[in-house]
Colleague: 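First the structure, then my questions, so here it is.
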Amino acid sequence: MLKIDNLRFRYEQRPLAIDIDELLIEKGESIGIIGPNGAGKSTLLQLLLGIQKDYVGTITLNDIRLDKKTKKYFRDHIGLVFQNPDEQLFMPTVYDDVAFGLKMKGIDQNVIDVAVEAVLASLGIKELKDRASLKLSGGEKKRVAMASIFVMDPDIMVFDEPTLALDPKSRRRVINIINSLEKTKLITSHDLDMIYETCSRVIILYEGKIVAQGKPHTLLSDVELMDKVELECPLILKNLL
Ligand SMILES: Nc1ncnc2c1ncn2[C@@H]1O[C@H](COP(=O)(O)OP(=O)(O)OP(=O)(O)O)[C@@H](O)[C@H]1O
Ligand SMILES: [Mg+2]
């Protein structure tokens, strides 16, 4: 359903940040995109939402090609939870942040209230509803940012570093939330144990290129490959080796 062909992108005066010949993501897949710092993971996610524009190649979703006119279609169908929640939250209260997207769609106030309550409850943050979004802890903000995307019910959920800087309990909660979502999922992370627990396929990005892809267990337990791409096998697999 989501397809990338001959995608090349560079930031001004920089070498290619993305250099992908082909990538196909089927409905219902849960894909882990891993690679060292600067490999191009966040850039790739931004390209899918039309946040970065000056690229060569094609990105299609359900046979619709991404361009200026179809960008809205992509944004309606793909929900991105940013690496940094401060880039996502901007309203005075948690309620306002989570309700914002639905309000923009002109949805009835009563319906919005019910949807916001439900999504906050599902993420275990009902009590944060009237708090100021920017005065929450990092882990709380992360869950509010997720709520603001979940409430829109996109077909494809994209998480950029969802467990970054979370305490073990919050991290576990996020893993459980991701696993309970019956959607197409794209997840980038350096938390390879989390990737192992949440993904059905792993893609290794290195210097903007896909250098390997396959089953999480096969790739993540390949010591030589992981070393070559400057990563380490996840702890859970190290203990099994
Ligand atoms: N706004 C920008 N302007 C110029 N170069 C950039 C910009 N953002 C990223 N880059 C460069 O593009 C490359 C890919 O960066 P990107 O942020 O996509 O990597 P990443 O895989 O997400 O890394 P990390 O694991 O650190 O989050 C890097 O070389 C980076 O320096
Ligand atoms: Mg990144």
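Numbering of ligands and ligand atoms starts at 1, following listing order.
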Colleague: So, using side-chain hydrogen bond (donor to acceptor under 3.5 Å, both in side chains) as the criterion, who are the partners of Tyr55 when residues are at least two apart?
Modeller: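 So Tyr55 forms no side-chain hydrogen bond (donor to acceptor under 3.5 Å, both in side chains) with any residue.
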
Colleague: Who passes ring-ring contact (aromatic ring centres under 6.0 Å, His included) against Phe100, sequence neighbours left out?
Modeller: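 Phe90.
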
Colleague: Check this for me, if you would: do Lys238 and Glu232 make a salt bridge, where the nitrogen-to-carboxylate-oxygen distance has to be below 4.0 angstrom?
Modeller: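 A salt bridge is present here (some side-chain N lies under 4.0 Å from a carboxylate O).
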
Colleague: With a cut-off of 2.8 Å, does Asn37 place any N/O/S atom under that distance from the Mg ion (ligand 2)?
Modeller: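 Coordinating: no.
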
Colleague: With the criterion set at N/O pairs under 3.5 Å, what does the list of contacts between the protein and ligand 1 look like, atom names and distances included?
Modeller:
residue	atom	partner	partner atom	Å
ligand 1	18 (O)	Thr43	N	3.0
ligand 1	18 (O)	Thr43	OG1	2.5
ligand 1	19 (O)	Gly40	N	3.3
ligand 1	21 (O)	Ala39	N	3.2
ligand 1	21 (O)	Gly40	N	2.9
ligand 1	21 (O)	Lys41	N	2.9
ligand 1	21 (O)	Lys41	NZ	2.8
ligand 1	22 (O)	Ser42	N	2.9
ligand 1	22 (O)	Ser42	OG	2.9
ligand 1	23 (O)	Gly38	N	2.8
ligand 1	25 (O)	Asn37	ND2	3.2
ligand 1	25 (O)	Lys41	NZ	2.7
ligand 1	25 (O)	His190	NE2	2.7
ligand 1	26 (O)	Asn37	ND2	2.9

Colleague: Tell me which one of Lys3, Arg8, Lys209 satisfies salt bridge (Lys or Arg N to Asp or Glu O under 4.0 Å) with Asp21.
Modeller: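 Of all the options given, the one that passes is Arg8.
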
Colleague: Taking only residues two or more places apart in sequence, or in another chain, which ones meet Ser42 in a side-chain hydrogen bond (donor to acceptor under 3.5 Å, both in side chains)?
Modeller: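 With neighbours one apart ignored, the set is Gln83, Asp160.
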
Colleague: Looking only at side-chain N and O atoms, does Thr60 offer a donor or acceptor that is under 3.5 Å from a partner on Asp63?
Modeller: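 Their side chains do not contain a donor-acceptor pair, so the 3.5 Å distance test is not met.
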
